[in-house]
Amino acid sequence: MSFKSKLSYWLLACLAVGAVLIGHDLFRGGTQPVQKTVPISEDKPVPPENGESKAAVKSLDDLVTQYGELPLFDAHNHDAGDSKYVGMKEIWERNRVDRIILFGNVSEPSAVWTDEIAWDAYRKQPDVIIPFFSGVNLLEPSGVDHAREMLEKGFFGIGEVAAASSYSPALSKVTWKTKDPMDGVLPQIYELCAKYKAPILLHIDPPNGIGIQKFKEALELYPDTLFIFAHANAYNSPENIRELLAAYPNVYADFFAGFTAFNPESANKLKDFIPVMKQFPDRFVLSTDSGYGLKNEEQAIEGMYRLIDELGDKEIARKNAHDNLYTMIRNQPATATQLEAIRKLNKQKVQTFPTEKLTKWEAGKRLTAN
């Protein structure tokens, strides 16, 4: 091989090796700029591959900021038990929960004691706490007498009471539960509620079978009684609630939003109930059930806000979150016991308080102030 041939050979070889090295260097990045992989974080989510940006999930603080001007009423709260409500005040204030239907234990003798705790809380904060009572013996005539005394005293409703419970770990074995919503002295208590225009909050599980059949019987036989179906969405379908509301104008659905939003045992999503809520905007009330089955009660409050956000209609949201229940509370007339107590106060004061057409709400505020 000539010198020129050898030189050409080595030049070609060097070029080939250089190309390999350059290619290898490019493959590894080498000195060329390389697009870095951005780590996934909550602050800067990576857009999906299709190029569409995914909306960030709103935090509870975000939701409170967005909807905090709407009045919010918790329609079902057990925090009179162990005076838990004392430790909840800061959480309620921070999350703009304006009013709470407060009671404690359910359908057993210990509930008589927690009812008094609810009453004491009401006397201290009559604009925030609305006391219901649950310590009623549903199996004896004495239960009717006790319910009358409590409504006369100024309680705004009865419940939660265990009208039927087969599976609930909390209520299936309580002493004063009935086998169905027409059992025991419940019919007499329904009549009493109609007289005082006070709602009754009924626990019924399962939400089908004989318990619901008897509930429908009660709704038909006592059309002047206001019934609230406790946590109506728990283990229940939107269609079942729709059918109940369509057939009976005296029933309201207590919507435990936290269950549907966060409990893995829920077969539905919040969005599944929106069409029913929009069809019956005057028949839902929102509640936390004190966060039963959830991480805590604040998560249940978050569930209420997520439902409001899902509704996308502030007018309907205001009805569900506050006005529907507030109307039930404000429409109750003052009792004879309240009026007599106010007349006594009027005799002792220079400035009198009118008693004509006085509501239980107004009378209660007057009496708690004194």
Side-chain angles (χ1 to χ4, degrees), residues 75-76 101 103 106-107 111 115 130-165 171 176-232 236 240-255 280 282-285 287 324-336 359-360:
H76 178 158
I101 294 291
F103 48 91
V106 174
S107 297
D115 292 343
I130 311 297
F132 275 30
F133 63 97
S134 177
V136 183
N137 188 339
L138 303 177
L139 306 173
E140 299 290 340
S142 60
V144 181
D145 296 332
H146 179 68
R148 184 182 294 106
E149 291 172 5
M150 299 291 270
L151 291 172
E152 271 289 328
K153 183 176 181 177
F155 279 83
F156 290 90
I158 304 177
E160 181 184 10
V161 294
S165 181
L171 299 184
W176 288 343
K177 78 162 188 170
T178 49
K179 64 183 181 181
D180 63 63
M182 286 297 291
D183 187 30
V185 297
L186 277 174
Q188 295 94 304
I189 288 178
Y190 299 153
E191 292 176 347
L192 196 62
C193 287
K195 176 184 175 181
Y196 284 90
K197 296 185 178 180
I200 183 166
L201 177 66
L202 295 183
H203 174 106
I204 304 169
D205 83 78
N208 51 47
I210 188 65
I212 292 299
Q213 291 176 25
K214 288 293 185 178
F215 184 35
K216 292 177 179 178
E217 183 179 334
L219 291 169
E220 187 170 349
L221 291 175
Y222 302 95
D224 296 326
T225 301
L226 298 176
F227 294 86
I228 304 176
F229 184 9
H231 32 68
N236 204 3
N240 284 347
I241 296 175
R242 186 197 306 275
E243 184 268 333
L244 198 66
L245 297 180
Y248 305 99
N250 55 331
V251 63
Y252 292 76
D254 161 21
F255 194 85
F280 300 97
D282 300 319
R283 306 281 291 286
F284 281 86
V285 299
S287 76
N324 294 341
L325 184 57
Y326 191 51
T327 299
M328 283 188 250
I329 301 302
R330 287 300 301 263
N331 283 347
Q332 298 178 43
T335 69
T359 67
K360 179 179 278 191

As a quick check of understanding, evaluate side chain to side chain contact (heavy atoms under 4.5 Å, CB included) for Ile210 and Lys214, giving each step before the final call. CA-CA 6 Å; Ile210 188 65; Lys214 288 293 185 178; 4.2 Å; yes
Is there side-chain contact between [X] and [Y], with at least one heavy-atom pair below 4.5 Å?
X: Phe229; Y: Leu202; answer: no
X: Ile200; Y: Ile228; answer: no
X: Phe227; Y: Leu201; answer: no
X: Val285; Y: Phe255; answer: no
X: Phe156; Y: Ile101; answer: no
X: Leu192; Y: Thr225; answer: no
X: Val251; Y: Phe215; answer: yes
X: Tyr196; Y: Thr335; answer: yes

Under the side-chain contact (heavy atoms from CB on, under 4.5 Å) test, residues paired with Lys195 that sit two or more places apart: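 Partners of Lys195 under the side-chain contact (heavy atoms from CB on, under 4.5 Å) test: none.
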Mind checking whether His76 and His231 have parallel, tilted or perpendicular rings, split at 30° and 60°?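 Rings of His76 and His231: tilted, 30 to 60°.
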State the OG1-NE2 distance between Thr178 and His203, to the nearest 0.5 angstrom.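 Answer rounded to 0.5 Å: 10.5 Å.
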In Å and rounded to the nearest 0.5 Å, what is the CG to CG distance from Leu138 to Asp183?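 The distance works out to 9.0 Å.
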Do any N or O atoms from the side chain of [X] and from the backbone of [Y] form a donor-acceptor pair under 3.5 angstrom?
X: Asp282; Y: Asn324; answer: no
X: Thr359; Y: Gln332; answer: no
X: Asn240; Y: Asn236; answer: no
X: Asp180; Y: Gly211; answer: no
X: Ser107; Y: Ala162; answer: yes
X: Arg283; Y: Leu245; answer: yes
X: Lys360; Y: Phe155; answer: yes

Restricting to non-hydrogen atoms, name the atom on [X] and the atom on [Y] that form the minimum distance, rounded to 0.1 Å.
X: Ala218; Y: Pro181; result: CB-O, 4.3 Å
X: Pro206; Y: Ile212; result: O-CG1, 4.3 Å
X: Val136; Y: Gly143; result: CG1-O, 3.5 Å
X: Ala198; Y: Gly157; result: CB-CA, 4.2 Å

Using the side chain to side chain contact (heavy atoms under 4.5 Å, CB included) rule, take Asn137 and Val185 through it: C-alpha gap first, then chi angles, then the decisive distance, then the call. CA-CA 8 Å; Asn137 188 339; Val185 297; over 6 Å; no
Ser287 and Asp254: side-chain donor and acceptor closer than 3.5 Å?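 Side chains of Ser287 and Asp254: pair found under 3.5 Å.
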Does Asp205 form a side chain to side chain donor-acceptor pair (under 3.5 Å) with Ser165? I'd like the steps, not just the answer. CA-CA 5 Å; Asp205 83 78; Ser165 181; 2.6 Å; yes
Is it true that atom [atom1] of [X] has more than 12 heavy atoms of other residues, nucleotides or ligands lying nearer than 6.0 Å?
X: Lys197; atom1: NZ; value: no
X: Glu220; atom1: CD; value: no
X: Lys179; atom1: NZ; value: no

Quick one: salt bridge (charged side-chain N to carboxylate O under 4.0 Å, His left out) partners of Glu243, sequence neighbours excluded?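 Only Lys216 meet the salt bridge (charged side-chain N to carboxylate O under 4.0 Å, His left out) criterion with Glu243.
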Working note: Leu244 + Leu219, criterion side chain to side chain contact (heavy atoms under 4.5 Å, CB included); need CA distance, chi angles, decisive distance, verdict. CA-CA 10 Å; Leu244 198 66; Leu219 291 169; 4.0 Å; yes
Please, which pairs that meet salt bridge (charged side-chain N to carboxylate O under 4.0 Å, His left out) have at least one residue in residues 155-164, sequence neighbours excluded?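 Applying salt bridge (charged side-chain N to carboxylate O under 4.0 Å, His left out) to every pair that reaches into residues 155-164, excluding sequence neighbours, yields nothing.
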Audit row: Leu226, Cys193, side chain to side chain contact (heavy atoms under 4.5 Å, CB included) steps and yes/no: CA-CA 8 Å; Leu226 298 176; Cys193 287; over 6 Å; no
